[in-house]
Structures are given as structure tokens and as C-alpha cells.
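Only one structure is covered here, and it is reproduced in the block below.
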Amino acid sequence: MVMMETRPYTCFSRRQLNTNRAAAMSFVCALAALAAISLTNVADAAPAGDDEARPAITEKQLLGAARQVDIQVAKIFKKKGVSVPSEASDPVFLRRSFLLAVGRIPTVEEARVFIESDDPNKRVLITRYLMNSKGYQSHMGNWMVDMLWVRESFGNGRTAAPYMQWVREAVATNKPFDTVARELLSAQGAMWENGAVGYYIRDKGMPLDNVSNTMRLFLGTRMECAQCHDHPFDDWERMDFYKLAAFTSGQNEINRGPWNTVWREMREAKEERTPLGRMMRYLGDEVYYASLGGAGKGRIKLPGDYQYKDGDPGEWVNAHTPYEKSFGKGVRMSKRKDGDDGLDRFANWITDARNERFSTIITNRMWKRIIGTGLFEPVDEYVIPEETTSPELTRYLTDLMRELNYDLKAFQHVLMLTRVYAFESSNKELAPGEKPLFDGRAISRMSAEQYWDSLVTLIAGNPDKLPTRGSSDAIYYGNKPVLVGEMNMVTLQKEVLAIDSPKKLRKYAQDLLTRIQKGSSGSKKKTNMMMRSKGGRGALKGIARASELESPAPKGHVLQIFGQSDRVLLGAATKEANATQVLSMMNGQVEKLVVANDQARIHRLSQGSVQDRIRSLFLGTLSRAPSAREMKLMESEVEARGETGYRNIISALVNTREFIFIP
């Protein structure tokens, strides 16, 4: 096995590259043209999904905001007596930007062209190009899906496809984050018409858990302890929690009464396992279950074990937001009668511009995502600006988030244009209680999705050119698409939920079963659908970006082995190393898919002289050229082992710390 030099990152002399400079520069021009087109798209269209027109964001605004961020960070350095860190080399900047913006390493061609270019504006160009690429949508979509812990199916196995599609579409259209949150929290109706309903369906039967998760996700407020008792370490009381839960109380499935009656009759007649019984169960599982009625009553009864003096078990309490300045203007509802707008009031309160916690938490999440260290940690536990490293920086960033109308892409774009982002990497670990100075991005391990998408890049080149999952609203019955071209889930759910009597429902189910049994689905479309992953509608199998595969991945997949979240609990993803990962890298899937795969693009691009081939392998894996010492070592490996030597080099490179860590 080839032994790598331990020096982590290195730039290299342009004389070491034996490439056609004219061709490289023409590619830079092409990259600039692509970036200009992308910028035009951004400037001409405001983020989608809001009722009011939002102003366009210009590059001048982005650069100006980045300048202000750097001014605030410079004040920290001056106050703390810290010298300004050195700037990261081009290879480090390139690799960092690709992994953070699009979730993968650059291809050989992308690395060579960027590093060779003399354009003084190339970092701005490459950032613009990445932030307006399909790769950004894929990678940011992974982040959003993970934060909202979206799965292909709900915990009981029923499809969550419309919810998954809704979340990814929100990212693809750059829907403002406050709009995303508001639409999720106020969602009701049929899931196949409004995928956002999945946010509540995921926690069906656990409404109190949903409330505590919502407060943590969007407001950085940990109230789960207050479900059962007054919080031991914070000011939240059990009454506070139930007053919040009152906003979303009263949710139910739409018009399920007729189904309950028919199902009870079928059970009494022992008809559950008949064809009609299986159809009726299907309608209960896939149609009624995927619906949400009740707009939030605004009042709730205290539980039977309520033990405090401020209320009695079974007493009605009204919806009321906490008495705390950082939550903004308070909202309350009546406890005398049921309301019909609790969800809307709750959603509007969460996302109100005066609710400092909402803007601060999403700002901190994005800062941590790009800069590497949060303004405060953990990122989902709110801290007032006065307790952060720089209250001025924290306030400026939260104000910027609001000024950008919660456009997460634009906000991250600003951060990637700053000097603080471009500082060289740091190995410094903060001591307990120590506040960050933002004097260099901490080197961190790739996420499972970044690691997989980087492997896909080695195998297939730019993964944005590979097939995507698409979406399907086809009716799947017996694990097969049926009535293709005649009816879809949107129509089926709309028709079934409108049925108002058990007799009509039974007849509808029988007629639907008869149509399916006649085999009226189109064979060609059916065959194409069956090529998709069995685990999810539209999800792909094989070599594709993580965003296009079944999510979360099945047990034993590289994504699962390297720590992808199972989306059962918040923050379940892990970057911790384990023995299974080592086996996969050395003699498992990674070895099979990349090292031993002669058809992998990294092998096919390795052509020319021995030195040219070695340079290509380094550019394709580590985004840099080898040092003179490394080149000599690799040449001796090839001289001793021939073609096998190149495989050994690839194996050595993909198993280095440098490959799996973000600089």
C-alpha cells in the first residue's frame, strides 16, 4: 500500500501542470458565462413562495454585506488582540467551497481549471457558479430534509412521498425560510394536494412531541421537559407548554367516520382479508391517514396528572405564547369556545419579524453551516446576542437575514464571499465555555451525504448530469402502480375524502377494486415506474446523488455506514468514525465502487505520462497536485507495480484523512 505524506494541504507550481493552457482558460471563460447566466436568474426573480413580491438581490448587495461581516469580525480580532489569519490556498478554497455549497469534491477538470486560472475574480465566479447550480439544490435539500427529519415513509410504513417532494421543491425554488416554516406550521387538508401536511402527519398521535420539536427547530427553545413537569433548569413551566400546545389541538383525519363504520362492519363479518377488505384497509392507510383536519382549536384540557397550583386536571386552558421579550408580540386565544385559526396564529407568531428567536436560530444554523463554528453552540439552543462573542456581529447577521427576506441561498452566498470564510483552516479546539473568534474554519469530517456524493463524483464525474428521482403521484396498490393515465393519488384522495356515507364508500371501494383487477394500467409507464427504488416513489437505485436515492438509505449502504440520520430523532446524523467504515473503505463497497472499478471516471481520466496520470489522480481526489516528494513516491509505486500501482494510489488517496475531511 502506498504511504501518503502527512502534510495536509499544498498548492503547487503551475510549471508542474502539463496541460493545454489555452483550453483551460477557455473553460474559465465558459465557467464565467455560466455564472453570469445564473446571476441573471437570481437578479431577475425573487425567491418563490411568498404572497408579496420580494425585492431582487444583486451581487453588489451580496458583496457589500460580505464586507460588513468582515468589518464586524475584524473588530473581534482587534478587541482580542488576535492577528488576522492567512488566506487559504486556492486548492483549499476550491475543495471547501464545493463540499459546502454542492456537497461534493470537484472533478479533475474543475480542479485543474480553477487552480490554473490567473483571473483575480475567480473565487467570486466559482462561488456564484456553485450557489446557482443543481448541486446546491441537491445538497441544501439534504440539509432541509435532515433538519425536518423527513423520510420516504412515515414510521408506520405509509408513504411520505408528497412531504418529501414538498420539502425538496421548497429548496429547489428557493422558497424563503419564513414562508417554509409558516406553510408547514399552518398546513391542513389532503397531503397529496398539500405536501406540507406531512409535518403534522409525521407526529400523528404525538401532538405534544410535535410542539416541543417545533419550538426547538424554529425557536431554539427546549421545552420537552415541560411536557411532564416544570423545567428544572429553565423558566418554562408545564402550564407554558400546554398553552402552546393549545394552538395546534383538535387535529384529526378528514371525514373518516364513514370508513370507521365500514371497517367495523367488515371486522364483525370477518371480511378484513377479502379483496374488498384489503382495499378498504388500503384506503384507510394511504388516503385517510394522509389527511389533516382541524385548524387548531386554541384551547386544550390539562392532563389527568397535572400537579401544579395554577390549574386543575381536566381544566380547559387557552392558547397563549410565553411572556418573554425575545418571542416578540404575544398571541392568545379564548378558552370559552373552540377557535378555528389556531394553526395560522401559531405559524404567524413563530415567523413574525419581532420574534427574535426565529431569525436568530436560522441565522446561527447558516453561519455554522458555512463558517464551521456557530455564533453560539448548540445551534438549536437560543442565546441572547449579549452572551455571544460579538453582540454586534450577531445582531448584524440576524438583521441581514431579515433584510434578505430569509433567502437562505443569498445569505450563504454572502458568507462565502467573506474573508472570514476564506481564512486558512484551523485545528484549534475550543475549551469548555470558550467563545469562538472565527479565526479559521475548523477542519471537520464530511457528512455521509458529502462522502457518498464525492465517491459518485469519482465514479461518474459531475453528478448533476446523472438521472434524478423525479416524483410520482401514481396509485400503488400491492406494491405496483395501477390505473396509470386514468387516476392518480390526488384524484383518489379528493374523491374518497368527499364521500359522506358508509354505503357510498363501500361501493366506491368495490368499483375501484374492479377497475384495478381489469388491469387497465399502461404497461410501458408501469415498467418505467418499477425501475425505481421499491423503498420510495421516484427514488433511484445505484450510482446517483444521495438526494436521489431512498432516504434514509437502507442498512448496509455507504450512506448508512457513514452516519446518515435515520430521521427518527432530531440531530441523529453522526460524523463519528467506526470499524465498519474502515472495512468499507479498505475492502468493502468503497473499494469495489471506486478502486476496483476500471470504468470509474477517475480511472478513465488518468491518461498520458506517468506524472500526468498521477497529477490527475491527486486533482480528482484531493483537489490539488502532488508535492515533489509525493510525486517521487507515487512514481516508484507505478514503476514497481505497473497498472496496479495506479489503483494503489487511488486506494491510498481516498483513505486519507485529507480526503474525508473538509478543510
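Since the structure is predicted, the reported quantities are computational estimates derived from the model, not experimental observations.
Remark: Arg441 fails to qualify as a cation-pi partner of Tyr421 under the 6.0 Å distance and 45° angle criteria applied to the six-membered ring. A cation-pi contact, defined as under 6.0 Å to the ring centre and within 45° of the axis, is absent between Arg615 and Phe618.
Between Phe177 and Phe218, the ring planes are tilted. Angles from 30° to 60° get that label.
Put simply, the side chain of Asn364 gets close to the backbone of Leu375: a donor and an acceptor are under 3.5 Å apart. Judged by distance alone, the side chain of Ser117 and the main-chain N or O of Val113 form no donor-acceptor pair under 3.5 Å. Counting only distance, with no hydrogens or angles, the side chain of Glu639 and the backbone of Ser636 share no donor-acceptor pair below 3.5 Å. No donor-acceptor pair closer than 3.5 Å links the side chain of Arg104 to the backbone N or O of Asp453. At distances below 3.5 Å, at least one donor-acceptor pair connects side-chain atoms of Lys122 with backbone N or O atoms of Phe114. The backbone N or O of Thr58 lies less than 3.5 Å from a partner atom in the side chain of Gln61, making a donor-acceptor pair. Side-chain N or O atoms of Arg95 include one that pairs as donor or acceptor with a backbone N or O of Phe659 at under 3.5 Å. A donor-acceptor contact shorter than 3.5 Å is absent between the side chain of Glu392 and the backbone of Gln72. Side chain of Asp146 to backbone of Trp149: no donor-acceptor contact under 3.5 angstrom is found. Looking at Asp178, its side chain never comes within 3.5 Å of a backbone N or O of Tyr406 through a donor-acceptor pair.
Listed by chain and residue number, Arg222 satisfy the salt bridge (Lys or Arg N to Asp or Glu O under 4.0 Å) test with Glu381 (two or more places apart in sequence, or in another chain). For Ser454, there are no side chain to side chain donor-acceptor pair (under 3.5 Å) partners two or more places apart in sequence or in a different chain. Not counting sequence neighbours, the partners of Glu377 by the salt bridge (Lys or Arg N to Asp or Glu O under 4.0 Å) test are Lys368. Listed by chain and residue number, Asp399 satisfy the salt bridge (Lys or Arg N to Asp or Glu O under 4.0 Å) test with Arg402 (two or more places apart in sequence, or in another chain).
A distance of 11.0 Å separates CD of Glu429 from CD of Glu434, quoted to the nearest 0.5 Å. Here the CH2-CD1 distance, from Trp452 to Ile543, works out to 4.0 Å after rounding to the nearest 0.5 Å. Atom CE of Met223 is separated from atom OG1 of Thr214 by 12.0 Å, given to the nearest 0.5 angstrom.
Partner Trp367 forms a side-chain contact (heavy atoms from CB on, under 4.5 Å) with one of Thr398, Ile362, Thr394, Leu393 and no other, that one being Leu393.
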With a 3.5 Å cut-off and sequence neighbours excluded, list the donor-acceptor pairs that the side chains of residues 584-598 form with protein atoms.
from   : atom 1 : to     : atom 2 : distance (Å)
Gln589 : NE2    : Gly556 : O      : 2.4
Asn597 : OD1    : Gln599 : N      : 3.0
Asn597 : ND2    : Leu593 : O      : 3.2
Asp598 : OD1    : Arg647 : NE     : 3.4
Asp598 : OD1    : Arg647 : NH2    : 2.6
Asp598 : OD2    : Arg647 : NH2    : 3.0

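Among pairs with a residue in residues 571-581, those fulfilling side-chain hydrogen bond (donor to acceptor under 3.5 Å, both in side chains) read Arg445-Gln581, at least two apart in sequence or across chains.
Residue Arg369 qualifies as enclosed at atom CZ: its count of foreign heavy atoms under 6.0 Å is above 12.
A donor atom on one side chain and an acceptor atom on the other are found under 3.5 Å apart for Glu637 and Asn648.
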